[in-house]
Amino acid sequence: MLAPSCAACETPLDHPTRGPVCEACWRSILPLTPPLCDGCGVPLPSWRVISVDVSRCARCRRARSRVDRARAVGAYEGALRSIVHALKYDGRRSLAIPLAAMMRQRGRDVLNGAAAAVPVPLHASRRRARGFDQAADLARHLGLPVSRALRRVRATAVQASLPAARRHANVRDAFAVTRAARDLFGAAVVLVDDVCTTGATLDACARALKEAGIAEVRALTAARVVGRPR
Ligand SMILES: [Zn+2]
Ligand SMILES: [Zn+2]
């Protein structure tokens with residue numbers, strides 16, 4: 001029988017009992033390099049300009065997101081990308097625990113003082129097909145009460161299959177609050193998802209939450225797409 005191999009880099013695992021991803025892969029996940037945009041958390045080009053606006057990226061300055069502050073463990077590439085894929089598409093649910101531990105560590109300022117973690121919901125049909133919900137799995141291990149304050153009212157095309165320009169339209173009005181949102185009136189909450197691509201999904205979620213009276217919506221994702229021309 002073949003020795004179990006790392007779910008990210010496929011080298012044989014020295015310590016398979018410690019989980020499906022090797023030490024080297026976990027260590028290779030670097031934080032995003034500061035300075036980061038105050039809003040969406042993408043790395044800003046440089047420290048060069050001293051101005052009021054420099055703390056936000058061009059995109060956040062153009063159109064302010066309803067998400068007050070978003071952070072991620074790292075860029076959606078390399079080992080982190082493989083780990084997210086293994087969690088989501090290969091059903092390696094145990095990966096949610098170490099991944100959430102990294103989210104806790106690198107997203108400390110976003111989690112601090114928040115009343116609840118709100119997973120970005122999958123549509124029921126997709127959750128049934130997959131058998132689990134990776135955002136909910138991550139949210140469970142962040143040290144905050146989990147609130148299912150959102151539900152998806154409309155099945156949407158997979159964001160990754162769409163050009164950036166169409167993603168906002170695709171998810172607009174796709175989310176609604178549940179009765180659980182009432183307990184969060186006036187509070188700060190943290191949206192939780194596996195990947196943030198353009199921010200359109202998080203923005204649509206934040207919109208529903210804020211319309212229901214939630215005062216502050218932050219976001220924490222395992223990974224964040226960076227460096228794409230916009
Ligand atoms: Zn590995
Ligand atoms: Zn930004």
Side-chain angles (χ1 to χ4, degrees), residues 2-49 51-90 92-99 101-102 106-107 109-110 159 164-165 167-168 171 190-191 193 195-207 210 216-230:
L2 243 66
S5 57
C6 169
C9 71
E10 292 174 9
T11 57
L13 287 168
D14 290 336
H15 307 284
T17 53
R18 290 187 200 161
V21 170
C22 75
E23 285 293 311
C25 280
W26 285 116
R27 271 200 311 271
S28 74
I29 302 171
L30 300 177
L32 295 168
T33 317
L36 303 178
C37 169
D38 256 359
C40 69
V42 297
L44 294 170
S46 72
W47 298 94
R48 70 200 142 87
V49 196
S51 84
V52 222
D53 274 347
V54 82
S55 58
R56 285 181 181 265
C57 73
R59 236 170 131 244
C60 286
R61 276 178 281 156
R62 255 198 323 269
R64 194 154 185 144
S65 168
R66 292 168 186 87
V67 176
D68 296 289
R69 175 169 254 245
R71 290 295 181 263
V73 166
Y76 189 47
E77 56 195 36
L80 184 53
R81 187 189 173 105
S82 306
I83 289 168
V84 169
H85 270 249
L87 166 68
K88 203 166 160 176
Y89 303 113
D90 304 336
R92 311 295 284 263
R93 290 181 74 179
S94 68
L95 286 171
I97 296 166
L99 210 45
M102 289 186 97
R106 294 188 186 172
D109 56 333
V110 167
Q159 286 289 78
R167 292 183 183 190
H168 279 275
V171 290
V190 182
L191 281 167
D193 209 353
V195 184
C196 170
T197 308
T198 60
T201 301
L202 295 175
D203 187 62
C205 288
R207 176 172 156 170
K210 286 191 166 170
E216 190 181 335
V217 180
R218 311 169 187 169
L220 182 58
T221 58
R224 155 102 222 182
V225 172
V226 291
R228 261 190 209 169
R230 304 185 199 285

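In what follows, every heavy atom counts, from backbone to side chain, and hydrogens, waters and symmetry copies are set aside. Ligands are counted one by one from 1 in listed order, and the atoms in each one are counted from 1 as well.
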| query | What pairs with Ser82 under side-chain hydrogen bond (donor to acceptor under 3.5 Å, both in side chains), at least two apart in sequence or on another chain? | reply | none
| task | Before accepting this row, confirm whether a basic side-chain N of the pair Arg218/Asp68 lies closer than 4.0 Å to the acidic partner's carboxylate O. | result | no
| said: So does Arg56 get a backbone contact from the side chain of Asp38, meaning a donor-acceptor N/O pair under 3.5 Å? | reply: no
| request: First locate atom CD1 of Ile97, then atom CG of Leu87, and finally report the distance between them rounded to the nearest 0.5 Å. | output: 10.5 Å
| request: Just do the side-chain contact (heavy atoms from CB on, under 4.5 Å) check on Cys40 and Ser65 with the steps written out, would you? | output: CA-CA 8 Å; Cys40 69; Ser65 168; over 6 Å; no
| query | What residues, two or more places apart in sequence or in another chain, satisfy side-chain contact (heavy atoms from CB on, under 4.5 Å) together with Pro20? | reply | Ala7, Arg92, Ser94, Leu95
| Which heavy-atom pair separates Ser28 from Ala79 by the least distance, and what is that distance? | OG-CB, 3.4 Å
| note | Excluding water, the protein N, O or S atoms sitting under 2.8 Å from the Zn ion (ligand 1) are Cys6 SG, Cys9 SG, Cys22 SG, Cys25 SG
| request: Spell out, as yes or no, whether a donor-acceptor pair under 3.5 Å connects the side chain of Arg18 to the backbone of Leu13. | output: no
| said: Under 2.8 Å from the Zn ion (ligand 2), which protein N, O or S atoms do you find? Ignore water molecules. | reply: Cys37 SG, Cys40 SG, Cys57 SG, Cys60 SG
| said: If you count heavy atoms of other groups shown closer than 6.0 angstrom to CZ of Arg93, is the number above 12? | reply: yes
